[in-house]
Amino acid sequence: MFVRRVRNGVQRYDAFKCIGVGSRTLSNLNNLDHEERLNGCLLSLPSKAKVVICGGGVMGAAVAYHLSKRGWGHQTVVIEKEKVGTGNRWYSSGLVGAFKPSLAQVKIAQSSIQLLKDLEARGRPTGWKQCGSLLLARTRDRMTVYRRMKSQSVSWGIECELVSPKRCQEIWPMLNVEDILGGLWIPGDGVGDTHLFCMSLMREAVANGVGVMEDCSVTAVHSKEGKVSGIDTTQGSIECQYFVNCAGFWARQIGQLAKPQVKVPLLPCEHYYLHTKRIDNLNPMTPVVRDPDGYIYLRERDGCILAGGFEPIAKPVYEEEIRSAEQRCIPEDWDHFHVLLKEILKRVPSLNQAVLHKLCNGLEAFSPDCKWIVGEAPEMFNYHVAAGMKTVGISAAGGVAEATVDEIVDGYTKYDMYELDINRFLGLHNNKRFLRDRMKEVPGVHYGLPYPFYEFQMGRNLRLSPIYPTLRDNGAVFGQVMGYERPTWFEPVDKTTAAPEKPQPFKIAYTKTFGKPHWFDTVQREYWACRESVGLADYSSFTKIDLQSQDNEVVDLLQYLCSNNVDVPIGSIIHTGMQNERGGYENDCSLARLSENHYMMIAPTIQQTRCKVWLKRHLPRNGTVTLSDVTSMYTAICILGPFTRSLLAELTDTDLSPSNFPFFTFKELDVGLANGIRAMNLTHTGELGYVLYIPNEFALHVYNRLMRVGEKYGISHVGHYATRALRVEKFFAFWGQDLDTTTTPLECGRTWRVKFDKDIPFIGRDALLRQREEGIRRHYVQLLLTDHDHELDLWSWGGEPIYRDGNYCGQTTTTSYGFTFKKQVCLGFIQNLDKFGVPQKVTNDYVLSGHYEIDIAGIRYAAKVNLHSPNLPTKYPDKERDVYQATRKHHETQQFLGRHYQP
């Protein structure tokens, strides 16, 4: 058999037999040894350019192409250390698929596919073949994923069809479908040739004026006043305004050449491509087959089969010694490849009789979260990165390059790139030991089951709050966010059997289902603790930034950056957005005014790098405003529930009555024996309570006092999933899910937080005024599923299509089970689409007059729509809080009625 002979080291055979094949001709695979060369390259470097692109692969070529289309061709230079398009063609799969994990990535892939088609139509070869792709399912959960993809395809504009095992075999006759439950057929997918695509893009770019310098290496990237100012190369220096790191495999090393260094967290892993000899009568339009439960894919290439995959445990490699594309091709490891080979032969048994041409082991770079890395680097303005395409550069290049060029030329892009933005990382993510640890599991995520709230197993226990050991020993099950270990829920710990001197094991959260999760009952108990007694949560991961000045400069700066009015009395807390020029959210935060010219900003955890970059971009150049990231200086403990005031009053001498410490204000407190605790009368959930920002050295003391005194009030630990459920039920928006760079306050019911009449016009004011005049084209709503059984039915986890009167009108964003409603709660945006799919004006009457359904994996569930935050029934009403909400509501105009106040 093929597998036995291969594993004995025999890689070539004189004859073979393939199903339905008689005679055989010589393979045409020698085409893969041929590499085209680019004519018209520069003989010497210019002294100046507007944009310098590092990397002459497909990504660099795509950026050069799009810059040339925007009229910047004559001001752009591409630097390539070898030859343009260099890279062994044997080490590329060429798979092009439209389905990606998120809408933004889908749009990027669709842009890339359209570019492939456009180049082919103009006579530029790309190897594009729209042969379709077939996704196979071995498990019920995988079929659920495909049913969800099928329902999402309506909003994503992807043609696809759920198919039976029999139909799978009709599409790909050589398949063994004995263990297949079904599949998803995507006729618009295809394959391309990365080398040909790269050369066609670069030829178009050169024709439009782009200069290309081959055999030239970047040695340094310089900055002046925080912006790119020029580069040094082995062939001389160039002054430039923009630098684009498209170095792919070497992007991390190129980042280290910058002054200051730019962190591009990538590390290569071994990646395999198995090529057979020619198989006679193999249709050149044979579809791509992906069998993610077996980690593998197969495709036709030049009459042969190319097979590969993403093994669950990868082999990371340090890249320092690899200087050329040729050195990226390393000796094969048949033992490591065996897990994929076994699955390939199981799926296509006839390949046992095929003749192996070669097994190629190439190195491919991955990011720590298995997503692309795109955007402007936080360390240096005008330094852009487009890398980490995880073997599917041909699927990403066109769209990623378009977004990159839009940001360079226009300052923004039509794609919401936050989930791909390089600002999602911290310095710790670029630590080589961390990368090597994490990369063992990253490639496997590519074909893994996309269960909700996925957690990596490697690269854990990095950022820990001082109370982490105590929380762990009290049953905390952790999720990781920006490197922080954050409790998600707490499992019961039997203190009678647990050895007090032995710490509890570190537990990682998981949700391996698309229905009711195993943690449901635990989270429900924690939820009710927050509503009826006292819950204690660790908020330490929140981004915390101090902003201050000697005089009024910090107030003026924040008035310019924030759409709400921040010039409030000392001790007040204001919730505000920071908008971009289009009115979208760059940040969503709370600002506590600690003194006349001192503010503390609290922002989402995932915003730690991003919001600092936005602030630094607008800081006065004279240094009058100072910014300090104090995230790691304070432990944040939140106590939630109706008895929190009574609990805290026993630990402090400060009067906590509403007249002295009202809702949504700040005070510095002594708690227990500790001092200097920044206390905020809010919880970010809509429940009563306080967030205590405690200097780290006092954190354990304050925690112990809270737990000891809190026993009489029924205090219990609560995790992120419980506080998240509280927020969703109260209709609170989440940055990165509901709020993003394209969403405005008017669209999500926050008009009352926008102060158009401030003395200092804020960024985005004009765009929001236009939108207020013209009306909004989408509306943020809350939907309660009315005929959904949370015990038996699949749950909504976000991204599901919303239907109004039977017609598609939007999709969900954030979802959760509402323990008070006893219903599934979905947040999302709806549109008023005409018959051509063009969004029209959305009014409150339009929203309230429709009948709504949400499609969960092909089944539609009726839903009741809410425009405003609901008043949840409670045993412990709080007049002060209710009055505060009502006062805020009176400030809203009837035309643009927003929801109740929400911190």
Side-chain angles (χ1 to χ4, degrees), residues 51-55 59-60 62-63 101-102 104-105 108 218 221 223 226-228 242-268 365-390 393 396-397 399-408 411-413 415-432 434-435 438-439 442 459 481-483 543 580 586-587 603-617 629 735-736 740-741:
V51 183
V52 171
I53 301 168
C54 178
M59 185 56 67
V63 173
S102 68
Q105 293 179 57
I108 286 170
V218 173
V221 181
S223 63
K227 297 181 179 180
V228 170
Y242 298 89
F243 180 80
V244 188
N245 183 345
C246 299
F249 179 86
W250 292 278
R252 184 175 183 272
Q253 289 176 285
I254 294 297
Q256 293 172 335
L257 299 177
K259 302 175 182 179
Q261 287 191 6
V262 169
K263 300 175 182 66
V264 186
L266 292 170
L267 197 74
F366 292 80
S367 70
D369 58 2
C370 201
K371 296 178 182 177
W372 308 329
I373 301 180
V374 187
E376 187 177 31
E379 297 88 353
M380 189 185 299
F381 293 126
N382 296 346
Y383 186 117
H384 290 260
V385 178
M389 299 301 130
K390 59 180 187 181
V400 168
E402 181 186 16
T404 300
V405 170
D406 286 346
E407 289 184 346
I408 292 173
Y412 68 95
T413 176
Y415 304 109
D416 185 52
M417 304 291 286
Y418 81 91
E419 65 171 333
L420 306 175
D421 198 320
I422 192 171
N423 289 320
R424 71 185 186 270
F425 296 118
L426 296 168
L428 66 90
H429 294 111
N430 199 45
N431 179 300
K432 181 159 287 189
F434 165 80
L435 287 170
R438 172 63 60 83
M439 286 307 150
V442 166
V481 55
M482 291 296 274
T543 298
N580 53 39
E586 290 293 334
N587 189 15
T605 304
I606 59 174
Q607 282 275 56
Q608 185 171 354
T609 301
R610 183 187 179 90
C611 67
K612 281 193 297 184
V613 170
W614 186 253
L615 289 167
K616 287 179 179 178
R617 184 186 297 276
D629 185 349
W735 197 94
D740 54 39
T741 57

Distance from Asn245 atom CG to Leu257 atom CG, nearest 0.5 Å?
9.0 Å
Step through the shown structure and confirm whether more than 12 heavy atoms of other residues, nucleotides or ligands are within 6.0 Å of OH on Tyr412.
no
Please report the interatomic distance CD(Glu376) to CG(Asn382), rounded to the nearest 0.5 Å.
5.5 Å
Hey, are the side chains of Val221 and Val262 touching, using non-hydrogen atoms and a 4.5 Å cut-off?
no
Can you tell me how far the OH atom of Tyr415 sits from the CD atom of Glu402, to the nearest 0.5 Å?
3.5 Å
Check whether any side-chain N or O of Thr741 sits under 3.5 Å from a backbone N or O of Asp416 as a donor-acceptor pair, and report yes or no.
no
Is there a side-chain contact between Glu419 and Gln105 in this structure, where contact means two heavy atoms from C-beta onward sitting under 4.5 Å apart?
yes
In short, Met389 meets Ala396 closest at the heavy-atom pair SD-CB, 3.5 Å
How about Pro378 and Ile422: do any of their side-chain heavy atoms sit closer than 4.5 Å?
yes
Of all the heavy-atom pairs spanning Cys611 and Ala603, show the shortest one and how long it is.
SG-CB, 4.4 Å
When rounded to the nearest 0.5 Å, the distance separating CD1 of Ile373 from CZ of Phe366 is 12.0 Å
Verify side-chain contact (heavy atoms from CB on, under 4.5 Å) between Met59 and Thr404, making sure each step is shown before the conclusion.
CA-CA 11 Å; Met59 185 56 67; Thr404 300; over 6 Å; no
Distance, nearest 0.5 Å, that separates SG of Cys246 from CD1 of Ile254
11.0 Å
Which heavy atom of Ser367 sits nearest to which heavy atom of Val442, and what is that distance?
O-CG1, 3.4 Å
Within the structure provided, determine whether Trp372 and Val400 are in side-chain contact (heavy-atom separation under 4.5 Å).
yes
May I ask you to test the Met380-Val228 pair for a side-chain heavy-atom distance under 4.5 Å?
yes
Are any side-chain N or O atoms of Ser223 and backbone N or O atoms of Lys259, one a donor and one an acceptor, separated by less than 3.5 Å?
yes
Heavy atoms of Gln256 and Gln261 approach each other most closely as O-CG, 3.4 Å
Minimal heavy-atom distance between Gly255 and Tyr383, with the atoms involved, is CA-OH, 3.6 Å
Between Leu266 and Gly248 the two heavy atoms that sit nearest each other are CD1-O, 3.8 Å
Salt bridge or not between Arg617 and Glu586? Use side-chain N to carboxylate O under 4.0 Å.
no
Taking the side chain from Arg610 and the backbone from Asn423, do they hold a donor-acceptor pair closer than 3.5 Å?
no
Flag the pair Leu267 / Arg438 as yes when at least one side-chain heavy-atom distance between them is below 4.5 Å, and no otherwise.
no
Take Val374 and Ile108 through the side-chain contact (heavy atoms from CB on, under 4.5 Å) test and state the conclusion after the steps.
CA-CA 12 Å; Val374 187; Ile108 286 170; over 6 Å; no
What's the separation between atom CZ in Phe425 and atom NZ in Lys263, rounded to the nearest 0.5 Å?
13.0 Å
With a 4.5 Å cut-off on side-chain heavy atoms, are Val51 and Val63 touching?
no
Hey, does the side chain of Lys390 reach the backbone of Cys370 with a donor-acceptor pair shorter than 3.5 angstrom?
yes
Can any side-chain N or O of Thr543 pair as donor or acceptor with the backbone N or O of Pro604 at less than 3.5 Å?
yes
Within the side chain of Arg252, is there an N or O that forms a donor-acceptor pair under 3.5 Å with the backbone of Asn430?
yes
His384 vs Tyr242 aromatic rings, parallel, tilted or perpendicular, using cut-offs 30° and 60°?
tilted
